Amino acid sequence: DTEVTQTPKHLVMGMTNKKSLKCEQHMGHRAMYWYKQKAKKPPELMFVYSYEKLSINESVPSRFSPECPNSSLLNLHLHALQPEDSALYLCASSQGPSLTYEQYFGPGTRLTVT
Amino acid sequence: KNEVEQSPQNLTAQEGEFITINCSYSVGISALHWLQQHPGGGIVSLFMLSSGKKKHGRLIATINIQEKHSSLHITASHPRDSAVYICAVGPVLNYGGSQGNLIFGKGTKLSVKP
């Protein structure tokens, strides 16, 4: 199984809502990533979990809260988002945190904040 | 100047043509990644290179570490190859490590006409 799954595929939320994005992989990978991608732009790294511990936080606002409950799951909790947070949110995983490993990406969650 | 430059930005080809997409970078790297993204969709890792050449089906990727340049070639192009192709590098950090943030190029949008 070389698949990274993400749910939901689409999400529309108001600025006062709380929602969560979920990501799952069963490849035994020990590094997992959250990226944000705006239209016609490359992905921007948000968070990296390495061996279930947060290793990189790219100065992301606190309204985004990551969680790694176990080695297969990665969540991104959303609260009090702004319209400018509307984007495609991509999860990825790799064998380890080194950038010499291929990253396997999920299909993404398209988020719209109204 | 961006650390990763891709050319061309846009490319239109006729089905069956041989296609080349170029990537130049200005930092020391541990690895270079070629990624494919179809419209509205997730990202697929095509190749991860640190030297030489790799081939997978109709796709060939080469890298010249001394010249800091990589190329992605598509032979016998097909309309299903239409996508954005992204070059990303894993920089070598000051202490020699290779974790952290991939540096992405802006992508090359390829359209293959039947």
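Every chain is numbered from 1 and lettered A, B, ... according to where its sequence line falls, protein lines coming before strand lines. Everything numeric here is computed off the predicted structure, so don't read it as measured data.
Hydrophobic clustering of Ile, Leu, Val, Met, Phe, Trp and Tyr side chains at less than 4.5 Å, counting indirect connections, keeps A/Leu21 apart from A/Leu90. By the criterion of side-chain heavy atoms lying less than 4.5 angstrom apart, applied directly or through intervening Ile, Leu, Val, Met, Phe, Trp or Tyr residues, B/Leu11 is grouped together with B/Val4 in one hydrophobic cluster. No path of Ile, Leu, Val, Met, Phe, Trp and Tyr side chains, each step under 4.5 Å between heavy atoms, connects A/Phe47 with A/Tyr35, placing them in separate hydrophobic clusters. No continuous path of ILVMFWY side-chain contacts below 4.5 Å connects A/Val48 to A/Val60, so the two sit in separate hydrophobic clusters. Note: the hydrophobic cluster containing A/Tyr89 does not contain A/Leu73 (ILVMFWY, side chain heavy atoms under 4.5 Å, direct or indirect links).
Under the 3.5 Å distance criterion, the side-chain polar atoms of B/His33 are left unmatched by any main-chain donor or acceptor of A/Gln103.
Atoms CD and CH2, on A/Glu102 and B/Trp34 in that order, are 14.5 Å from each other to the nearest 0.5 Å. Atom-to-atom distance recorded for A/Lys41:NZ and B/Phe104:CZ is 14.5 Å, nearest 0.5 angstrom.
Counting all heavy atoms, side chain and backbone alike, A/Pro42 lies closest to B/Gly105 at CB-O, 3.5 Å.
Taking A/His79 as the reference, A/Lys18 meet the side-chain contact (heavy atoms from CB on, under 4.5 Å) condition, with sequence neighbours excluded.
Applying the 6.0 Å contact sphere to NZ of B/Lys113 captures no more than 12 heavy atoms from other residues, nucleotides or ligands. Counting heavy-atom neighbours within 6.0 Å of A/Glu84 CD, excluding the residue itself, gives a total above 12.
Interface remark: A/Tyr101 contributes backbone atoms only to the contact with chain B (heavy atom separation under 4.5 Å). Heavy atoms closer than 4.5 Å to chain B are found in the side chain of A/Glu58, but not in its backbone.
Side-chain contact between A/Lys40 and B/Lys106 is absent, with no heavy-atom pair separated by less than 4.5 Å. Residues B/Leu102 and A/Leu99 form a side-chain contact, since some pair of their non-hydrogen atoms from C-beta on lies under 4.5 Å apart.
Using a 4.5 Å cut-off between non-hydrogen atoms, no part of residues 6-16 of chain A approaches chain B. The contact list for residues 42-71 of chain B toward chain A, using heavy atoms and a distance under 4.5 Å, reads B/Gly42, B/Ile43, B/Ser45, B/Met48 by residue number.
For residues 28-68 of chain A, the set of pairs meeting the disulfide (SG to SG under 2.5 Å) definition, not counting sequence neighbours, is empty.
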